[in-house]
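See below for the structure under consideration.
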Amino acid sequence: MKYYLTTPIYYVNAAPHIGTAYSTFVADLVKRFKKMEGFHPVVLTTGSDEHSRNVERAAKAANLSPQDYTAKMSAEFKNQWKHLGIDYDHFIRTSDPQHQETVRDLFERCRRNGYIYKGAYTGQYCVNDELYVNEAQPGDPCPECGRPTETVTEENYFFKLSAFQDRLLELYEKDPEFLKPDHRRNEIKSFVAQGLNDLSITRTNIPWGIPVPVEGHHVFYVWFDALISYMTAVKAEHLWPADLHLIGKDILRFHAVYWPAFLMAADLPLPKKVFAHGWILFEENKMSKSRGNVLHPGPIADVVGIDALRYFLLREVTFGQDGSFAYDALVQRYNADLANGLGNLASRTLTMINQYRDGRIPDSAGAGHIADAAKETTEQALEAFDAFNFSKGLEVIWGLISIIDKFIVERAPWQLAKDQESHSQKLLDETLYTAAEALRIVCAWVYPVMPESARKIWSQLGMPQPIESITVADLHWGRLAAGQKVGTVSGVFPRLDSKAIEKMLELEAAERERLAALFAPATAAPAAPAPGESAKISIDDFAKVDLRVGQVVSAERVKGADKLLHLKVDIGEAEPRTLVAGIAEAYPPEQLLGRKVVIVANLQPRKLRGIESNGMIVAASVEGGKPVLAGFLEDIPIGARLK
RNA sequence: GCCGGUGUAGCUCAGGUGGUUAGAGCGACGGUCUCAUAAUCCGUAGGUCGCAGGUUCGAGUCCUGCCGCCGGCACCA
């Protein structure tokens, strides 16, 4: 039976980081595990999502054509995955020519079934997130990224998403396996239950995209073209539907709502499962470009090894929930679990076989209670891995390592070796066989998570069969052949010292420089404004903004809104200005009383929650962080203008 | 504001349908063996099980209220 799984098709506006690597590591693990379980073929698709106005602009900023820019970016992804040992089968680029055909086919199918219509859209659009902001006013910032939205008016094709509300709800209800983890399914259920709006799926005036059939000047909306790449990749092999889409929680809605609706509309089979994992935080904080705390997998892998990074992420983070990466936690877990645990067990077991049995696996059935423990371990680990609960599975497997270590101490083979009595020698045989056989089983279990390290231990055990071909049958006790010659013993996980962290920090800094250089605008080119950056303005432009010093005279929360404060600010006019500011989460109202703040005095009035806001309070903010108000160190009279 | 989740030893977390002294791993401390990567193994850790009530012979385990944290939606920057 085949098994087809996918990673997200990664958006090419940033180089791969530890978050994208995480998704991809898990996909690689699942692929190897499913192979062990006997699925055939097991096929993994990854790729790059390359269309959109934003990509087009980024390309322009780098003084490259979209083709060249995306080629460079997708090559970077491919290089990273190669460097990280990812065993993927297909790398699909949404700009691949064969992909156009699939997209058009999907569109035609939907249209033939009556789920596409032409309509006009006027509204706010965020270039950065490819997002239409339905209820936004002109000039409003994007709810996702905070960048200003742009007003667009387009005649577009719409997808009748609203027609699928019931069928989607029925899907979630009838097939709980479709969407995991459970709490994500509940979120999506309540989202869909609130009602769905039709979706504009084409764009005009963007040359960089897949042209809509017949309509030369339309291209497809990036999500309409991206999701279907999962099908393009395996069209020739007829592997659709996918058995698993691994995604991050940030793109859940596209995969759990839009995607199945598109497929329903086209009369195509639905994927079997969508699993949304959480984010990898850096020491409890969200990683983001603007915070400058994005970590990359290469520098970490170069110091501790790819496998150790994989192990850490999978063991430390409960799959499906957010998890935290920290250098010291990585080093600690490496030393405790890999060096002292698995590495040391392999080392002591193989060394004893060399010393006491001349490097040959002794003839014995092994100790029964350890065989039982191994069987129990396998059962529990299988259950955990099948449920995508990798941290639990690894915990169970490490439990067996602990049992063997204890068993070795109880039997004290170094004592038995001194006694030439046949009883002792037989017990020594049994002890060594037991340890080696249990190690073999642990090693087989470790393979999907840490392929290279498992391969090393496997070969040190002298196993004739390549580890890539093992199956669940190899997890049974007694498959280790007596008389087999073990290989040369060498440490698989050398202990790390504190210098490892310094080294990783150094390499991370170097990696950031490399990536910055790679994606920097070409030096000779005139610097076009990139998204998030600002174009230069003249002093006259600046003079248009009336910034004033004001003093807060009253502040209260706006009922029914978490983030809004209703403020009255004295800026030296007859009456204090009334304004509404989204700073309630950062500043309790009483803390603001009497505070001097900076106000944009000539902003167009706007009603928020029924209160007319006449101006704006100036605050600095970072993505995902709370706003911080601008203020003055010296005293300054109310009403003073900033210029 | 609405909906959902969650709050247990320094850290990460287990603790179906309520029942003797609340557990594991890691870290820390003490001890031990010597095959092994100063590893292993053994022992110790006295934690108001968020707070306050309630049901019950008996509650981390059920109910109510409150507080904190997280997520989704709304709202918003």
Side-chain angles (χ1 to χ4, degrees), chain A residues 133 135-137 140-148 181-195 249 252-253 276 278-279 281 284 315-318 321-324 326 328-329 332-356 391-392 394-396 398-399 401-402 404-417 428 431-432 435 489-497 557-565 580-586 606 608-609 613 616-627:
Chain A
V133 189
E135 276 133 51
Q137 309 275 325
D140 277 0
C142 168
E144 291 299 319
C145 67
R147 294 179 175 85
D182 294 341
H183 68 275
R184 296 289 164 208
R185 183 173 57 250
N186 292 337
E187 283 172 17
I188 288 293
K189 267 160 94 170
S190 67
F191 172 77
V192 172
Q194 284 174 32
K249 63 181 183 182
L252 178 61
R253 190 185 299 174
W279 283 332
L281 311 174
E284 316 289 306
R315 174 64 185 84
E316 188 88 358
V317 180
T318 301
Q321 296 181 347
D322 286 355
S324 200
D328 54 349
Q332 189 182 308
R333 209 167 253 297
Y334 178 103
N335 282 335
D337 293 2
L338 300 181
N340 298 354
L342 178 57
N344 183 242
L345 175 65
S347 172
R348 69 193 306 203
T349 301
L350 295 165
T351 300
M352 284 191 286
I353 289 170
N354 272 327
Q355 282 182 19
Y356 306 141
S391 55
K392 173 70 178 174
L394 287 169
E395 191 183 330
V396 165
W398 256 254
I401 291 176
S402 173
I404 310 163
D405 269 332
K406 186 177 294 192
F407 169 76
I408 290 172
V409 168
E410 280 166 6
R411 286 290 179 91
W414 46 93
Q415 300 288 0
L416 295 171
L428 178 57
T431 304
L432 295 178
V489 182
S490 74
V492 182
F493 300 109
R495 277 185 76 82
L496 299 176
D497 58 28
R557 292 182 187 279
V558 176
K559 56 185 178 300
D562 292 345
K563 302 188 182 181
L564 296 182
L565 288 184
V580 179
I583 55 172
E585 290 184 328
R606 192 184 156 199
L608 295 169
R609 284 261 151 187
S613 182
M616 188 175 100
I617 195 158
V618 176
S621 62
V622 293
E623 198 178 320
K626 289 182 176 174

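Just so we're on the same page: letters track the sequence lines, and every chain starts at 1. These numbers were taken from a predicted model, which means no experiment stands behind them.
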If I take atom [atom1] in residue [X] and atom [atom2] in nucleotide [N], what distance separates them, rounded to the nearest angstrom?
X: A:Leu281; N: B:C69; atom1: CG; atom2: C1'; result: 14 Å
X: A:Asp322; N: B:G71; atom1: CG; atom2: P; result: 7 Å
X: A:Arg185; N: B:G4; atom1: CZ; atom2: P; result: 16 Å
X: A:Lys249; N: B:C73; atom1: NZ; atom2: C1'; result: 15 Å
X: A:Asp182; N: B:G72; atom1: CG; atom2: C1'; result: 15 Å
X: A:Met616; N: B:C76; atom1: CE; atom2: P; result: 16 Å
X: A:Asp328; N: B:A28; atom1: CG; atom2: P; result: 13 Å
X: A:Phe191; N: B:C73; atom1: CZ; atom2: C1'; result: 9 Å

Exercise for the section: Verify, without hydrogens or angle tests, whether A:Asn344 (side chain) and A:Ala339 (backbone) share a donor-acceptor contact under 3.5 angstrom. Expected result: no
Problem - Backbone of A:Glu187 reached by a side-chain donor or acceptor of A:Ser190 within 3.5 Å - result: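 Between the backbone of A:Glu187 and the side chain of A:Ser190 there is a qualifying donor-acceptor contact (under 3.5 Å).
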Exercise for the section: For A:Lys406, check salt bridge (Lys or Arg N to Asp or Glu O under 4.0 Å) against everything at least two apart and list the hits. Expected result: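 Listed in chain order: nothing, the list is empty.
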Problem - Syn-anti status, with the boundary at 90° from 0, for the nucleotide B:G5 - result: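 Anti conformation for B:G5.
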Problem - Which residues share a side-chain contact (heavy atoms from CB on, under 4.5 Å) with A:Val489, sequence neighbours left out - result: A:Leu350, A:Thr351, A:Asn354, A:Gln460
Exercise for the section: Only counting residues at least two apart or in another chain, list the ones meeting side-chain contact (heavy atoms from CB on, under 4.5 Å) with A:Asp405. Expected result: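 Counting only residues at least two positions away or on another chain, A:Asp405 forms a side-chain contact (heavy atoms from CB on, under 4.5 Å) with A:Leu345, A:Arg348, A:Ile401.
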Practice task
Could you summarise the pairing of RNA chain B as dot-bracket text, marking Watson-Crick and G-U pairs under 3.5 Å with ( ) or [ ] inside the strand and | across strands?
Solution key: (((((((..((((.....[...)))).((((.........)))).....(((((..]....))))))))))))....
Exercise for the section: Return the nearest nucleotide to the side chain of A:Glu187; candidates are B:C41, B:G71, B:C73. Expected result: B:G71
Problem - Heavy-atom pair with the smallest gap, counting every atom of A:Pro413 and A:Ile408 - result: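 Nearest heavy atoms, A:Pro413 then A:Ile408: CD-O, 3.2 Å.
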Handout entry: Exercise: identify the closest heavy-atom pair between A:Gly278 and A:Lys249
Key = CA-CD, 4.3 Å
Is there any protein nitrogen or oxygen under 3.5 Å from a nitrogen or oxygen in nucleotides 24-26 of chain B, and what are the pairs?
residue, atom, partner, partner atom, Å
B:C26, O2', A:Gln332, NE2, 2.5

Exercise for the section: Look at the side-chain N and O atoms of A:Lys406 and state whether any lies under 4.0 Å from the OP1 or OP2 oxygen of B:C42. Expected result: yes
Practice task
On RNA chain B, check which nucleotide each of A:Arg253 and A:Thr318 is closest to and give me the residue with the more 5' one.
Solution key: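 Looking at RNA chain B, the more 5' nearest nucleotide goes with A:Thr318.
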Contact list (N/O, under 3.5 angstrom) for nucleotides 34-37 of chain B vs protein:
residue, atom, partner, partner atom, Å
B:C35, O4', A:Tyr356, OH, 3.3
B:C35, O2, A:Arg348, NE, 3.1
B:C35, N3, A:Arg348, NE, 3.4
B:C35, N3, A:Arg348, NH2, 2.5
B:C35, N4, A:Arg348, NH2, 3.1
B:A36, O3', A:Ser347, OG, 3.4
B:A36, O2', A:Asn344, ND2, 2.6
B:A36, O2', A:Ser347, OG, 3.1
B:A36, N3, A:Asn344, OD1, 3.3
B:A36, N3, A:Arg348, NE, 3.4
B:U37, O2, A:Phe493, O, 3.2
B:U37, O2, A:Arg495, N, 3.4
B:U37, N3, A:Phe493, O, 2.8
B:U37, O4, A:Gly343, O, 3.1
B:U37, O4, A:Phe493, N, 3.4

